[in-house]
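In the text below, chain A, chain B and the rest are named by the order of the sequence lines, each starting its count at 1. Note that the coordinates shown come from a computational prediction; the quantities given were computed from them, not determined experimentally.
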Protein chains: 2
Amino acid sequence: MDLAPDAFARDCASRVVLDRIGDRWTVLIVVALSDGALRFSQLRSKIEGITPKVLTQTLRALERDGLVTRTVFAEVPPRVEYELTDLGRDLLAPIDAIRVWAEDHAARIVANRERHDG
Amino acid sequence: MDLAPDAFARDCASRVVLDRIGDRWTVLIVVALSDGALRFSQLRSKIEGITPKVLTQTLRALERDGLVTRTVFAEVPPRVEYELTDLGRDLLAPIDAIRVWAEDHAARIVANRERHDG
DNA sequence: CTGTATCCCTACGGATACTG
DNA sequence: CAGTATCCGTAGGGATACAG
């Protein structure tokens with residue numbers, strides 16, 4: 001597999017990425033924005049079950065990492081749009097890699113889990 | 001990017017995988033085992049900072065998912081070896097995909113983070 | 001050697017209500 | 001509309017000590 005030594009030490013680059021996409025909501029938001037910018041309320045309804053507080057938190061984290069931009073329009077009623085940056089769009093590639101692998105293997109994992117439990 | 005609709009709904013296959021590799025220790029253990037079986041104490045010293053309790057917990061979860069096997073040898077002193085299954089070795093592929101992407105992009109994320117904070 | 005048992009503690013997610 | 005403010009409960013990680 002040719003993994004570099006200490007490839008996954010606690011503070012390495014991969015941890016930065018894993019800590020982000022390991023988050024429960026981040027991937028959902030990034031995928032939701034993959035077709036273009038969305039407003040806060042649009043994200044909220046598109047991502048079922050997320051509370052406004054958690055949506056804000058996650059969006060702030062994505063903004064901080066430069067994966068999402070936040071644009072405020074000086075209008076009444078207020079309008080705020082969130083959009084993936086180039087870096088954010090790049091993130092769709094590894095996300096998709098995981099999705100593909102998951103679709104091929106997750107069933108086996110779940111089956112193992114049920115056999116082990118039952 | 002051609003992502004399937006609802007590709008990352010909360011209970012989908014990808015969540016199963018992300019919940020596992022998003023775990024702080026799972027990836028470290030899987031990578032540590034990539035060169036072959038290791039004993040409990042070997043894992044413990046190879047993975048700096050992990051407590052025995054958490055190591056056991058994580059290994060049990062990996063065993064449950066069929067990613068790792070646990071072999072007890074009837075010896076004194078006791079010897080237990082952990083080894084990746086075929087499925088566990090398959091997991092190295094998406095892990096490596098993330099590692100590659102991370103090495104290409106994590107520096108930018110960290111830089112964005114520092115600029116945003118500072 | 002290979003784990004358990006216990007205790008602590010806090011970080012995080014969710015619910016709810018409220019504001020500019 | 002786009003968030004904040006509060007409160008809460010709990011799961012989970014870490015430290016430490018102990019057991020088979």
Side-chain angles (χ1 to χ4, degrees), chain A residues 8-11 15-16 18-30 32-33 36-65 68-83 113 116-117, chain B residues 8-11 15-16 18-30 32-33 36-65 68-83 113 116-117:
Chain A
F8 285 97
R10 289 187 70 171
D11 298 326
R15 250 306 115 211
V16 174
L18 285 167
D19 283 343
R20 182 113 326 288
I21 67 176
D23 176 84
R24 183 168 219 71
W25 301 106
T26 293
V27 171
L28 291 172
I29 291 176
V30 170
L33 292 175
L38 290 177
R39 308 176 59 162
F40 188 87
S41 54
Q42 290 176 311
L43 280 169
R44 198 176 160 184
S45 60
K46 191 164 187 172
I47 300 171
E48 199 176 342
I50 197 168
T51 61
K53 173 188 158 189
V54 174
L55 180 54
T56 300
Q57 281 176 352
T58 312
L59 285 169
R60 292 286 186 276
L62 288 167
E63 197 187 353
R64 183 171 98 107
D65 288 353
V68 160
T69 57
R70 177 175 181 271
T71 307
V72 182
F73 296 87
E75 301 176 4
V76 179
R79 177 162 64 108
V80 179
E81 284 192 350
Y82 295 90
E83 189 171 16
R113 211 170 273 188
H116 186 275
D117 294 348
Chain B
F8 284 97
R10 289 186 69 172
D11 299 325
R15 251 306 116 210
V16 174
L18 285 168
D19 284 343
R20 182 114 327 288
I21 68 176
D23 177 83
R24 182 167 218 71
W25 301 105
T26 294
V27 170
L28 291 171
I29 292 176
V30 171
L33 292 175
L38 289 177
R39 307 175 61 163
F40 188 87
S41 54
Q42 292 177 311
L43 281 169
R44 199 177 160 183
S45 59
K46 191 163 188 172
I47 300 173
E48 199 176 343
I50 196 168
T51 61
K53 172 187 160 194
V54 173
L55 179 54
T56 299
Q57 280 176 351
T58 312
L59 286 169
R60 293 285 187 277
L62 288 168
E63 197 187 353
R64 184 171 96 108
D65 288 353
V68 161
T69 57
R70 177 176 182 271
T71 308
V72 182
F73 296 86
E75 301 175 4
V76 179
R79 178 162 62 108
V80 179
E81 285 191 350
Y82 295 91
E83 189 171 17
R113 214 172 270 188
H116 186 274
D117 294 348

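Between A/Arg113 and B/Val16, some side-chain heavy-atom pair lies under the 4.5 Å cut-off. B/Asp65 is not listed as a side-chain neighbour of A/His116, based on a closest heavy-atom distance of 4.5 Å or more. Two residues are said to be in side-chain contact when any heavy atoms from C-beta on lie closer than 4.5 Å; B/Arg60 and B/Gln57 fail this criterion. A 4.5 Å side-chain heavy-atom check between B/Leu33 and B/Leu43 finds at least one atom pair inside the cut-off.
Contact between the side-chain N/O atoms of A/Arg24 and the OP1/OP2 oxygens of D/dA11 is not found at any separation under 4.0 Å. Residue B/Trp25 places at least one side-chain N or O closer than 4.0 Å to OP1 or OP2 of D/dG14. Taking side-chain N and O atoms only, A/Arg39 has no distance below 4.0 Å to OP1 or OP2 of D/dG3. Between B/Thr51 and D/dA15, a side-chain N or O to OP1/OP2 separation shorter than 4.0 Å is absent.
Only one option out of B/Leu18, B/Ile21, B/Asp23 pairs with A/Leu18 in a side-chain contact (heavy atoms from CB on, under 4.5 Å); it is B/Ile21.
Atom-to-atom, CG of B/Leu59 to P of C/dT4 comes out at 10 Å; the value is rounded to the nearest Å. At whole-Å resolution of the value, CD1 in A/Ile50 and P in D/dG3 are 13 Å apart. For the pair A/Ile47 CD1 and D/dA2 P, the interatomic distance rounds to 14 Å; values are reported in whole Å. In this structure, A/Leu38 atom CG and D/dC1 atom P are separated by 15 Å, rounded to whole Å. A/Arg60 places its CZ atom 17 Å from the P atom of C/dC12, with the value rounded to the nearest Å. Atom pair B/Tyr82:OH and C/dC1:P shows a separation of 14 Å (rounding to whole Å applied). What separates CZ of A/Phe40 from C1' of C/dG20 is a distance of 14 Å, to the nearest Å. As a whole-Å value, the separation of B/Lys53 NZ from C/dA5 P is 11 Å.
Each of B/Thr56 and A/Val54 was assigned the nucleotide of DNA chain C with the nearest heavy atom; the assignment lying further toward the 5' end belongs to B/Thr56. With the nearest nucleotide of DNA chain C identified for both A/Pro52 and A/Gln57, A/Gln57 has the one nearer the 5' end.
Closest heavy-atom contact between A/Arg20 and A/Ala61: NH2-CB, 3.7 Å.
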Go through it in stages, so that I can follow the logic: the residues are A/Val68 and A/Val30, the test is side-chain contact (heavy atoms from CB on, under 4.5 Å), and I'd like the CA-CA distance, side-chain angles, deciding distance and then a yes or no.
CA-CA 8 Å; A/Val68 160; A/Val30 170; 5.5 Å; no
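Between its opening and closing five pairs, the helix from C/dC1-D/dG20 to C/dG20-D/dC1 changes axis direction by 50°, a value rounded to 10 degrees.
Between D/dG3, C/dG13, C/dT4, one nucleotide has an atom nearer to the side chain of A/Asp23 than all others, and that is C/dG13.
Among the protein residues, A/Arg44 comes within range of no part of the nucleic acid, since none of its heavy atoms lies under 4.0 Å from any strand. Counting non-hydrogen atoms under 4.0 angstrom, A/Phe73 reaches nothing in the nucleic acid.
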